[in-house]
Amino acid sequence: MLVRDIAVIHNLETRTVNQTINRNIKRFKTGIDILDLKQITHSEYGFTKAQWGNANNIYLLSERGYAKLLKILEDDKAWEIYDELVDNYFNMRYVIQKQDSYMITDPVQRAKRRIEEQEEHQVKLAMAKQETKDVQDNTPISSKDYQVLSRKIGQKLDRYLSQHQIYNKNQVALLRWDLNNAILKAAGVPARTLIKQKHFTAVAEALVNWEPSESTLEKMKAY
């Protein structure tokens, strides 16, 4: 890229950009970062004879050279373009690092990438399993499971009533409410229809271990 083109991009005078380069010329590698066309050719490269003759230097910068110049220039455009170069550099590195192992020619790097791929695969597999488990766990119980649960609750209550010879309908209602409340509390839901697959273990334990609460037993004394 010619300095005159750089000057247009940054809204600067060509002379100003040339002066900036000359003050920092040691930072540029000739033949890699920069070329002075006046030193290597007599062609006018699209300049007028006056421009070519009056200029002390006609600099041509490579991409690498322009990137160095951006660090020296202090205008807003320089920082804007430099930010884009940095973003593109790291995006490119990410793409290179994440390319498939079969695309890498270096055997050591290919082996490393294969290990990374295996680790990434394991992570993705674990995430997929967890997502599947989450979906399954949050699935409401089926109507069949609901019927089974209701039957088990009824059987649990019947055994308690039989063991304690309770026949009073008010006492039975209190015990039924107490057992149902224990089930809902174990599941953390306000209604039995909201019980999900993930609640089954806690519900089963609550059902096996249920005993009427002290407050329910106290209320039963009134009947």
Item to check | E211: side-chain hydrogen bond (donor to acceptor under 3.5 Å, both in side chains) partners, not counting sequence neighbours | outcome: none
Checklist entry - Under 4.5 Å between any side-chain heavy atoms of I34 and L60, yes or no? => result no
Checklist entry - Residues two or more places apart in sequence or in another chain: which of them pass side-chain contact (heavy atoms from CB on, under 4.5 Å) with R27? => result N24, I72
Next on the checklist: Within the 4.5 Å heavy-atom criterion, are I21 and I25 side-chain neighbours or not?
Outcome noted: yes
Checklist entry - Which pair of non-hydrogen atoms, one from A206 and one from A186, has the smallest distance, and what is that distance? => result CB-CB, 3.6 Å
Checklist entry - Are any side-chain N or O atoms of T14 and backbone N or O atoms of R4, one a donor and one an acceptor, separated by less than 3.5 Å? => result no
Item to check | Close side-chain approach of L149 to V203, heavy-atom, < 4.5 Å | outcome: yes
Item to check | Non-neighbouring partners of R176 that pass salt bridge (charged side-chain N to carboxylate O under 4.0 Å, His left out), sequence neighbours left out | outcome: none
Checklist entry - Less than 4.5 Å apart, any side-chain heavy atom of I195 and any of I183? => result yes
Could you pull out every donor-acceptor pair under 3.5 Å between side chains of residues 5-12 and any protein atom, sequence neighbours left out?
residue, atom, partner, partner atom, Å
H10, ND1, D75, OD1, 3.4
H10, ND1, D75, OD2, 2.9
H10, NE2, Y66, OH, 2.8

Checklist entry - Going through the distances and angles, do D33 and L61 end up as a side chain to side chain contact (heavy atoms under 4.5 Å, CB included)? => result CA-CA 6 Å; D33 300 326; L61 278 73; over 6 Å; no
Checklist entry - What pairs of residues pass the salt bridge (charged side-chain N to carboxylate O under 4.0 Å, His left out) test when at least one of them lies in residues 147-163, not counting sequence neighbours? => result none
Next on the checklist: Quick check for you: to the nearest 0.5 Å, what is the distance between N180 atom CG and K185 atom NZ?
Outcome noted: 13.5 Å
Checklist outcome for this item: Hits for salt bridge (charged side-chain N to carboxylate O under 4.0 Å, His left out) against R192, two or more places apart or cross-chain, chain-then-number order -> none
Determine all donor-acceptor pairs shorter than 3.5 Å in which one atom belongs to a side chain in residues 140-147; sequence neighbours excluded.
residue, atom, partner, partner atom, Å
S142, OG, D145, N, 3.2
S142, OG, D145, OD2, 3.3

Checklist entry - Does a donor on one side chain sit under 3.5 Å from an acceptor on the other, for N18 and N57? => result no
Next on the checklist: Give me each pair satisfying salt bridge (charged side-chain N to carboxylate O under 4.0 Å, His left out) with a member in residues 162-175, each pair once, sequence neighbours excluded.
Outcome noted: none
Next on the checklist: Which residues pass the salt bridge (charged side-chain N to carboxylate O under 4.0 Å, His left out) test with E205, not counting sequence neighbours?
Outcome noted: none
Checklist outcome for this item: So ring pair (Phe, Tyr, Trp, His ring centres under 6.0 Å) across residues 15-39, not counting sequence neighbours, yields none
Checklist entry - So do the side chains of L161 and L157 get within less than 4.5 Å of each other, counting heavy atoms only? => result yes
Next on the checklist: Looking at every heavy atom in both L179 and L207, which two are closest together, and how far apart are they?
Outcome noted: CD1-CD1, 4.1 Å
Next on the checklist: List the residues meeting ring-ring contact (aromatic ring centres under 6.0 Å, His included) with Y160, not counting sequence neighbours, and say none if there are none.
Outcome noted: H164, W210
Item to check | 4.5 Å side-chain heavy-atom contact, V3 and L69 | outcome: no
Checklist entry - What distance do L73 atom CG and K71 atom NZ have between them, rounded to the nearest 0.5 Å? => result 12.5 Å
Table please: side-chain donor-acceptor pairs of residues 213-223 below 3.5 Å, with sequence neighbours left out.
residue, atom, partner, partner atom, Å
S213, OG, D178, OD2, 2.7
S213, OG, S215, OG, 3.1
S213, OG, T216, N, 3.3
S213, OG, T216, OG1, 3.0
T216, OG1, D178, OD2, 2.5
E218, OE1, K221, NZ, 3.4

